[in-house]
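Below you'll find the structure, written out as structure tokens, and then a few comments.
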Amino acid sequence: RYLSSDSDRSKPHNYLLYGVIVHSGDLHRGSYYVFIKPEKNGKWFKFDDNIIIPVTDKEVLEKNYGAEVPNAIGSKNAYMLIYIRESDIDFVLSPIFAKEIPNHLKSRLDKEKALCEHKKKKAEKRHLYLYIKIVTLASFESYQGFDLANFGNKQYPLSKIPHYKILKNEKYKNIKAWAAKHFGHKTEQIRLWVLLNRQNQTVRPETLLTDDFLDMTMEQVHTKVAARPNELKLFLEVVKPINGKLWFPPIENGFHTLVFIKYFNPDTQCLEGLCHLYVHKSGEVGDIIPILCEKKKFPPHTSLKIYEEIKQNMIQEMNPTQTFQQLGIQDGDIICFQKALNEKETQEHTAAGRIHDIPTFYESLYMRIIIQFKPKYKNQEQYPEFELVLNKKYTYDDVAKYVAAHLSTDPLKLRFTTAKKTVIERTTTQILSEMLQTTHQPRSVELLYYEMLDINIVELESKKFFKVHWLGTIVKEEEVIDISLPKTAMVNEIIKIIINKLALRPTSRIRLYDALHCKIQKEYDINDPINMIQENTTLYAEEIPQEEINLDTNDKVIQDEPFYTTILRLKLRLGINEKDFSKVKGAIVQAQLHAKPQYIDDNVILSDYGLTEELLGLDHLVFHKLEIA
């Protein structure tokens with residue numbers, strides 16, 4: 001019953017659903033995926049980018065579109081339904097032969113296969129190797145951050161631990177000999193510890209590679225003691241001769257514990273790796289104070305404050321009278337110390353803006369964040385991309401100050417935008433970590449876009465900026481007018497600026513409106529506040545023709561006249577030349593989306609149509625689209 005009178009009725013017009021395109025999102029953004037049944041009597045599959053999974057008929061018809069197919073069309077997610085004529089299915093879904101594939105697709109397929117093969121070989125080759133990172137006492141001493149070393153944190157690029165590629169089938173004894181030679185030691189002077197990730201997100205020595213490992217391959221060592229695939233982190237311990245003899249403290253007896261020592265200097269605001277020690281588990285924390293004083297050449301009985309570095313936001317003071325066992329100290333723990341400051345020294349450091357104790361210093365490390373800054377607009381190649389280490393608690397002005405120093409510009413001529421393209425107001429009370437609007441786990445580097453402004457941001461944020469497309473009296477774009485006004489201004493102020501800039505008659509009547517997809521969305525009254533106009537709205541202005549100004553309330557713009565008369569008046573109003581206008585066809589367009597236009601005969605009188613919500617359209621064949629008049 002839906003067929004036109006001239007349809008071919010030699011075959012049945014039964015159609016079967018074979019594809020459903022789904023749009024997930026809203027009118028402005030989103031993504032697409034599709035359900036397809038690629039074989040005549042086959043199963044449905046969901047194609048979502050490079051992920052293809054089988055689905056049931058029920059999922060296709062009910063999950064997204066309701067129980068019945070007709071209801072699918074009204075669903076908020078259904079975008080397009082694809083049907084195949086039942087009598088043509090064997091033809092449409094017939095097998096594809098190699099000779100039918102276009103050459104450009106064959107070429108692309110060959111390239112993809114070659115790339116896949118290359119990746120496969122590369123992966124196979126990678127399986128032959130193990131990557132190791134070796135922490136030495138020298139790298140520990142040069143590191144000024146949290147934990148033993150920098151295994152990839154971009155905040156400390158100069159102290160990053162290098163990695164080495166070794167064969168998995170190499171014996172451990174050979175790797176040990178290589179490590180000794182590489183770092184300038186004798187083989188008998190060193191021993192290696194395996195570093196593992198602890199639950200508190202630190203990396204510490206866990207297992208000593210004793211002589212029992214010497215004849216094992218590195219793959220066997222890795223399998224036995226490491227957790228991360230294809231990677232091994234090691235600490236290289238070096239012993240110095242004592243009276244001409246080499247001696248490593250025995251750890252097998254369970255009495256000794258390996259600890260690392262860091263020193264914080266409030267005067268220089270530096271944290272340095274100092275050394276590693278073996279402490280007796282039953283010994284008191286105070287027992288190592290003379291050793292620490294000797295290492296820093298302090299008088300033997302200098303008062304010290306000693307802390308354990310448990311995790312980045314947990315630095316705990318240690319009681320000198322407690323034993324290491326009572327405090328739960330184990331191999332690889334880190335102990336930090338500083339001189340104990342009196343009240344006067346503490347006040348002096350505070351007044352000078354210096355950190356005076358270890359917990360506060362670690363808190364400052366924890367608050368560091370790396371921000372990558374990029375110019376907001378792609379056509380600004382002259383502005384660089386760069387990274388800065390900033391504090392998460394910085395205000396907008398703090399961030400602007402550091403960025404301005406890097407760019408050698410005025411901080412008040414900078415504006416920032418988040419990775420989600422939200423402009424950050426200078427007046428915000430948010431700190432940097434809140435400005436970033438991150439909903440994910442913190443990344444090693446966060447992103448902000450920046451703009452170099454021509455005007456002061458204080459002035460910028462107190463005003464609204466518009467681009468008004470002036471159409472004149474013939475609705476043909478002649479000029480774009482840039483307008484800036486205080487946010488408290490009225491639309492009448494925009495009209496005044498247009499009249500002054502274009503030297504129009506002071507009594508000129510101006511129509512101001514915004515449009516979307518060739519359709520006027522809103523016409524603004526002169527008494528409307530400009531704050532009701534959204535940012536980035538495309539505004540149009542035109543001079544209202546005298547015939548419209550003179551209309552009474554009961555008069556109509558389109559009179560009881562033949563349509564060709566209306567068309568001629570439109571020709572003058574639109575300023576289209578005779579040649580182009582001869583190709584224009586008039587149509588009535590329904591307000592509903594996707595409704596088919598109804599073309600109008602030149603002799604028709606529009607008032608006879610009883611138009612209400614309909615629109616008058618001009619089908620301009622030069623542009624191949626229907627312009628809404």
Side-chain angles (χ1 to χ4, degrees), residues 134-151 159 161 190-210 233-240 242 247-265 271-296 298 300 302 304-312 314-340 357-359 361-362 365:
I134 301 178
V135 178
T136 64
L137 189 58
S139 65
F140 173 67
E141 290 172 351
S142 66
Y143 179 53
Q144 295 191 29
F146 173 74
D147 215 346
L148 279 182
N150 175 20
F151 292 106
S159 59
I161 301 298
I190 72 163
R191 60 183 184 180
L192 293 165
W193 292 73
V194 175
L195 304 177
L196 289 183
N197 291 11
R198 291 183 177 177
Q199 288 186 346
N200 62 359
Q201 297 181 338
T202 61
V203 182
R204 303 292 170 81
E206 180 73 19
T207 305
L208 176 64
L209 295 180
T210 62
K233 296 187 182 85
L234 301 170
F235 167 64
L236 185 142
E237 182 185 5
V238 182
V239 65
K240 295 179 180 178
I242 301 175
W247 178 81
F248 283 102
I251 63 163
E252 295 85 355
N253 57 24
F255 298 138
H256 294 89
T257 301
L258 170 68
V259 295
F260 292 85
I261 307 296
K262 291 182 181 179
Y263 168 69
F264 173 63
N265 186 339
L271 181 72
E272 62 177 286
L274 193 62
C275 63
H276 68 287
L277 298 175
Y278 280 91
V279 297
H280 202 285
K281 288 185 178 180
S282 60
E284 293 183 353
V285 173
D287 295 343
I288 65 170
I289 289 179
I291 301 172
L292 302 182
C293 289
E294 181 185 348
K295 290 286 184 184
K296 290 303 298 178
F298 295 157
T302 300
L304 302 179
K305 298 202 78 164
I306 302 175
Y307 300 85
E308 181 189 358
E309 182 189 288
I310 299 173
K311 54 185 180 180
Q312 193 155 352
M314 186 182 291
I315 310 300
Q316 191 168 297
E317 188 170 359
M318 301 175 75
N319 186 336
T321 62
Q322 287 188 291
T323 66
F324 292 102
Q325 190 166 22
Q326 287 173 331
L327 292 169
I329 298 300
Q330 56 184 315
D331 286 325
D333 283 351
I334 296 175
I335 293 173
C336 313
F337 75 98
Q338 69 173 91
K339 281 185 179 181
D357 65 2
I358 287 174
F361 182 80
Y362 271 96
L365 292 181

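Stacking of Lys295 on the aromatic ring of Tyr263 is not recorded, the 6.0 Å distance cut-off and the 45° axial limit not both being met.
Residues that satisfy the side chain to side chain contact (heavy atoms under 4.5 Å, CB included) test with Gln316, not counting sequence neighbours, are Ile310. Qualifying salt bridge (charged side-chain N to carboxylate O under 4.0 Å, His left out) partners for Asp357, counting only residues two or more places apart in sequence or in other chains: none.
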Problem - Test log, rule ring pair (Phe, Tyr, Trp, His ring centres under 6.0 Å), inputs Phe140 and His276 - result: CA-CA 10 Å; Phe140 173 67; His276 68 287; 8.6 Å; no
Practice task
Start with the C-alpha distance between Arg198 and Asp333, add both sets of side-chain angles, then the distance that settles salt bridge (Lys or Arg N to Asp or Glu O under 4.0 Å), and finish with yes or no.
Solution key: CA-CA 11 Å; Arg198 291 183 177 177; Asp333 283 351; 2.7 Å; yes
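Distance check, rounded to the nearest 0.5 Å: CD1 of Ile358 to CZ of Phe264 gives 7.0 Å. The line from CG of Leu209 to CZ of Phe235 is 12.5 Å long, rounded to the nearest 0.5 Å. A distance of 12.5 Å separates CZ in Arg204 from CG in Leu196, rounded to the nearest 0.5 Å. From Leu148, atom CG reaches atom CD1 of Ile334 across 4.5 Å, with rounding to the nearest 0.5 Å. Put simply, CZ on Phe146 and CD on Gln201 are 8.5 Å apart, with the number rounded to the nearest 0.5 Å. The CD atom of Glu308 sits 10.5 Å away from the CZ atom of Phe324 when rounded to the nearest 0.5 Å.
Across all non-hydrogen atoms, the minimal contact from Glu237 to Tyr278 is OE2-OH, 2.7 Å. In terms of heavy atoms, Pro205 sits closest to Trp193 at CB-CE3, 3.8 Å. When every heavy atom of Ser282 is checked against every heavy atom of Thr323, the shortest pair comes out as O-CG2, 3.3 Å. Of all heavy-atom pairs spanning Gln322 and Leu327, the tightest one is OE1-CD2, 3.2 Å.
Shown are Gln338, Gln144, Glu309, Glu272; of these, the side-chain hydrogen bond (donor to acceptor under 3.5 Å, both in side chains) with Lys262 is made only by Glu309. Results of the side-chain contact (heavy atoms from CB on, under 4.5 Å) test with Tyr143 over Leu271, Val135, Asn150, Ile161 single out Asn150 as the only residue that passes. For the side-chain contact (heavy atoms from CB on, under 4.5 Å) with Phe337, the lone residue among Ile289, Leu274, Ile288 that qualifies is Leu274.
In terms of modelled atom types and a separation under 3.5 Å, the side chain of Asp147 and the main chain of Thr202 share no donor-acceptor contact.
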